[in-house]
Amino acid sequence: MADEVVLLDFWPSPFGVRLRIALAEKGIKYEYKEEDLENKSPLLLQSNPVYKQIPVLIHNGKAVCESLIALQYIDEVWNDKAPLLPFDPYLRSQAKFWADFVDKKIYDLGRKACTTKGKEHEAAQKEFMNCIKSLEVELGDKPFFGGETLGVVDVSLVPFFSWFSVYEKFGNFSIELECPKFNAWIKRCLEKESVSKSLPDQDKIFEIFVDIRKKLGMDRIMTFCGQVVVCRAKSSNILDQFLTLNEFCSCYSE
Amino acid sequence: MADQVRLFGTWCSPFSTRVIWALKLKGIPYDYIEEDLPYKKSAQLLKYNPVHKKIPVLVHGEKPICESMVIVEYIEETWLQNPLLPSDPYGRAMARFWVKFAEDTAPAIWMVFRTTGEEQEKAKKEVLEMLKTIEEHAGLDKKRFFGGDNIGIVDIAFGQIARWFGVIEEVVGMELLEPHAFPLVHAWTNNFKDVPAIRGNLPDHDRMVAFFKPFRESLLASS
């Protein structure tokens, strides 16, 4: 019986891109289902009742949630081609450590670097660049974190490329100038069809952010009861329809 | 001769205790090095974990592994007796999901510990949300442990609920894991603590209260 693979996803999500790359690397045919995050499908809510988030990989009716977990699942099931994790347990532990590092650091810091001001922004930007530099050290002289081919760290990290131009513009720094080795790694990844075809258009991602900031304006970001909140453009009433900054950003992410 | 196994940890850390549980469940001999945290970090710790500079760190031969659940998976893959993960990929994915959930929600109880007022209330809500999710979704109505008949990696990941929750509840004067509100989770904590490898490797409740009470006071005084 042929495998039935469905991916519940949202086009700008770097977490969804991770799975698109992995599925492409392994040549797995799947059905892509775009989710409207403001109107989540019953399938999504049923498949991920705990987080109600994308991406979700559904394999023969069974749902696997959380992108890094789904990457490992894909690697274990379709183990005949393009391994994402090494065979040796120690090297596997190192790959998992760095994939975990990407999850803990890159996403949050990058987001902070372009949605905060003043000292908080400076601290986030500095830490973000330090993280990129740590990753450069880990990469060393290898073409990819996975060695000669893409590994789980490459697949976890490269989707953020679409957001790097946003981080750079609003964070006011240049990855190309400050981390040329990292920049070279990005370019090598982009030469892979599985990556270039899975990434959303960088200009479209940039447009999302510009559009949001234009619609809302930085003065619509304020504190309310000690929390940073963003007012939805649709509502002019400050007490009506507000979200925390995290909830706002999470509309575009896992 | 097998490579030496060393564990850098602290006696009251739920994270280094997770690693001890995994080593004990698999019967792996190891040397334990107590770090003098939070006061100072040894040169060896900084050498073996330059990125996060934290315990636990497992050093196998001269190979360091950091982050407690990464270490537990390494132990699982290196020593194959008494498996902590199911063998089928879907079962493994489900286990890893709950491990990640445990990791993502672990900080909340420590925020209850280190804050007061509004911040503490917010953290308390997160803890209760977490307990509710486990109660409703983790399948404890159908099995004794998260791992089924025997404890597995998810039980290890949630282990701090079984001892550290009680300690923090006493230190801050708040009940969070109410038995009538979370009967399944509560029953699990008792089953978990009954397992010999766990029972013999749980930091003492009173000793931890005696340590954490003044520690909380000093944290609040300096903030």
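The sequence lines fix the lettering, A, B, ..., with proteins before strands; numbering per chain opens at 1.
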- Query: Would you find more than 12 non-hydrogen atoms of other residues, nucleotides or ligands less than 6.0 Å from B:K63 atom NZ?
  - Reply: yes
- Message: Quick check on A:E138 against chain B: is it the side chain, the backbone, both or neither that has a heavy atom closer than 4.5 Å?
- Response: neither
- Query: Can you tell me how far CD1 of B:I65 sits from CZ of A:R92, rounded to the nearest 0.5 angstrom?
  - Reply: 13.5 Å
- Item | Presence of salt bridge, B:R96 and A:E76, under 4.0 angstrom | yes
- Item | Residue A:A63 versus chain B: region with a heavy atom under 4.5 Å | backbone
- Just how far is it from atom NZ of A:K62 to atom CE of B:M94, taken to the nearest 0.5 Å? 10.0 Å
- Trace of the side-chain contact (heavy atoms from CB on, under 4.5 Å) decision for A:Y51 with B:F97: CA-CA 11 Å; A:Y51 291 116; B:F97 175 87; 3.7 Å; yes
- Pairwise distance NZ(A:K104) to NE2(B:H52) - rounded to 0.5 angstrom: 6.0 Å
- Message: Between B:H60 and chain A, with a heavy-atom cut-off of 4.5 Å, which part of the residue counts as in contact: side chain, backbone, both or neither?
- Response: neither
- Do other residues, nucleotides or ligands put more than 12 heavy atoms under 6.0 Å from B:D149 CG? no
- Item | B:Y74 and A:F97 aromatic centres sub-6.0 Å | no
- Message: On a heavy-atom basis, which atom in B:A93 and which in A:I69 lie closest, and how many Å separate them?
- Response: O-CG2, 3.5 Å
- Interface moiety of B:P50 toward chain A, non-hydrogen atoms closer than 4.5 Å: neither
- To the nearest 0.5 Å, atom CG of A:D100 lies from atom NZ of B:K100 at 9.0 Å
- Note on the structure: Separation between NZ (A:K96) and CD (B:E77), nearest 0.5 Å, reads 4.0 Å
- Should we count NZ of B:K143 as having more than 12 external heavy atoms under 6.0 Å? yes
- Has A:E178 got more than 12 heavy atoms of other residues, nucleotides or ligands less than 6.0 Å from its CD? yes
- Message: If I measure from the heavy atoms of chain A, does B:W98 come under 4.5 Å with its side chain, its backbone, both, or neither?
- Response: side chain
- Message: Heavy-atom count check: over 12 atoms from other residues, nucleotides or ligands less than 6.0 Å from B:K132 NZ?
- Response: no
- Count the heavy atoms of every other residue, nucleotide or ligand shown that sit under 6.0 Å from CD of A:E148, and state whether that count exceeds 12. no
